[in-house]
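Here is the structure we will look at, set down as structure tokens.
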Amino acid sequence: MPQITPSPVFTRTLPLLLALCSGWAIAAQPASVTGEPTDQSNTADAEQVESAPPKGWSFGLSGGATFAGDADFDNGIGEFSYDAYELAISARRMIGDSGSLSIELKGGLIDYTITPSLASAVGDAANIGAEFDTITTMGLTGMYAHRIDDTSSWFIGGGVISAGEDDADFGDTLDGLALGGYKHTFSDKLELGIGALVRTRLDDDALVVPIITLSYRPDDRWTIASEGLGVKIDYKASDKLNYGIAAEYDSDTFRLDDSHALARGGVASHSRIPVSFYTEYKASETIELSARVGAQFGGELEILNTSGNEITSQDIDTGIFGSFNISFRF
């Protein structure tokens, strides 16, 4: 059974967490990044116009960690695992009677542990991946949502994100994104939305992704809803506890520094499809705890050179993972 244990990178996370906490404190005075998967989660703000406070700002602070157990590369060239830590700060307020502005600042660390086997060769994914340093991720995104009437609303947003090894040039780690769309409420059970996201990609062509949002509530307990680039089935056990299953496409793309002989200044991308059982508990009106456990399918590690040409790519076998998150709202 693969073991899921935090790595020493957690001790290096504290300065980042403290810095972001300080930023939140400043933002709270009278006057918010992202891995790729959270680009889509911003669309949730478009569904929360009605829930925002009538005046002033509301703030949120959340932090969490993911631990992925050892998984083999498909061709037996080594083992692959990682730990990831993230902190997010958000701010929200109503604009007039029908608009809602949301801003989110995120920061995180990813620590890969890749161990080549005797079958590994120079230039393969395990050999290059074994040299990965800690990956730092940051991002600032904003979203404006506007309610047209009781059944319709539209949203638009954008931001800038950064992901790279510690010694990579910061300017070479930056990507931009923009998104927009429309949502319609057909009944008290069904809401559908459509839109598009455009994102630049490190040393690769821009990515255009359709946004499809869904929320179907057949009764007071069950909900089928879109989540990122995936879907979840949720059961409300009580006013404080809900749980369910979720599946979505997820990926992390980051800039490499100049220490890699075969991929100097290149780009690495880790993609997978996590399928998990989750539970969420509302400890109070302002505190929520959540946890997930499951397996990651369809994993792949791809490495490109600075021209966007593939150096190597390798599939990763199914592996287990666990995660937890705590969030506060003020």
Side-chain angles (χ1 to χ4, degrees), residues 1-7 9 34-41 64-86 108-117 119-121 123-135 137 163-165 199 201-204 207 209 227-232 245-256 260 262-263 266-278 291-304 308 310-324:
M1 174 69 70
Q3 298 298 314
I4 302 177
T5 55
S7 78
V9 72
T34 74
E36 291 185 42
T38 54
D39 298 344
Q40 298 294 319
S41 64
T66 298
F67 307 113
D70 289 339
D72 293 328
F73 283 96
D74 251 3
N75 58 357
I77 60 174
E79 291 186 334
F80 176 99
S81 66
Y82 69 94
D83 304 339
Y85 308 89
E86 186 175 76
L109 297 175
I110 307 173
D111 183 43
Y112 288 99
T113 301
I114 300 175
T115 306
S117 69
S120 177
D124 65 24
N127 191 276
I128 296 175
E131 302 174 343
F132 288 168
D133 294 328
T134 302
I135 311 304
T137 64
E165 289 187 294
R199 172 180 169 164
R201 292 189 293 176
L202 300 174
D203 295 338
D204 205 347
L207 179 70
V209 179
E227 181 178 62
L229 294 176
V231 65
K232 66 177 181 179
I245 57 175
E248 65 177 315
Y249 174 81
D250 199 358
S251 67
D252 295 296
T253 299
F254 50 91
R255 175 71 66 183
L256 302 177
H260 305 278
L262 299 179
V267 173
S269 180
H270 168 220
S271 59
R272 65 276 188 193
I273 301 174
V275 179
S276 63
F277 172 82
Y278 70 87
R292 297 193 178 207
V293 62
Q296 299 189 108
F297 300 90
E300 181 186 46
L301 179 61
E302 181 182 33
I303 301 172
L304 309 177
E310 182 180 283
I311 298 174
T312 183
S313 67
Q314 183 58 51
D315 293 338
I316 302 168
D317 289 342
T318 300
I320 64 172
F321 78 97
S323 67
F324 67 88

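- Between the CD1 atom in I316 and the CG atom in D70 there is a gap of 11.5 Å [rounded to 0.5 Å].
- Separation of atoms CD (E248) and CG (L229) is listed at 7.0 Å; rounding is to 0.5 Å.
- Put simply, the side chain of D252 reaches to within 4.5 Å of the side chain of R272, judged on heavy atoms.
- Residues F321 and S276 form a side-chain contact, since some pair of their non-hydrogen atoms from C-beta on lies under 4.5 Å apart.
- Test T113, D317, D72 against E79 for side chain to side chain contact (heavy atoms under 4.5 Å, CB included) and you get one pass: D72.
- You'll find the side chain of I135 reaches within 4.5 Å of the side chain of E165, heavy atoms only.
- Between the side chains of N75 and Q314, at least one donor N or O sits under 3.5 Å from an acceptor N or O.
- Between atom CD1 of residue I77 and atom CG of residue N127 there is a gap of 8.5 Å, rounded to the nearest 0.5 Å.
- Between Y82 and F132, the gap from one ring centroid to the other reaches at least 6.0 Å.
- To the nearest 0.5 Å, atom OG of residue S271 and atom CD of residue E300 are 5.0 Å apart.
- For the pair V267 and R255, the minimum side-chain heavy-atom distance is below 4.5 Å.
- A perpendicular orientation is assigned to the rings of F73 and F80, their planes being inclined by more than 60° (bins at 30° and 60°).
- Shortest non-hydrogen contact noted between G76 and S117 is O-OG, 2.7 Å.
- What you find for A68 and Q296 is that their closest heavy atoms are CB-NE2, 3.7 Å.
- To the nearest 0.5 angstrom, I114 atom CD1 is 5.5 Å from L301 atom CG.
- In this structure, CG on D250 lies 10.0 Å from CD1 on I273, to the nearest 0.5 angstrom.
- A salt bridge links R292 with E227; the closest basic N to acidic carboxylate O contact falls under 4.0 Å.
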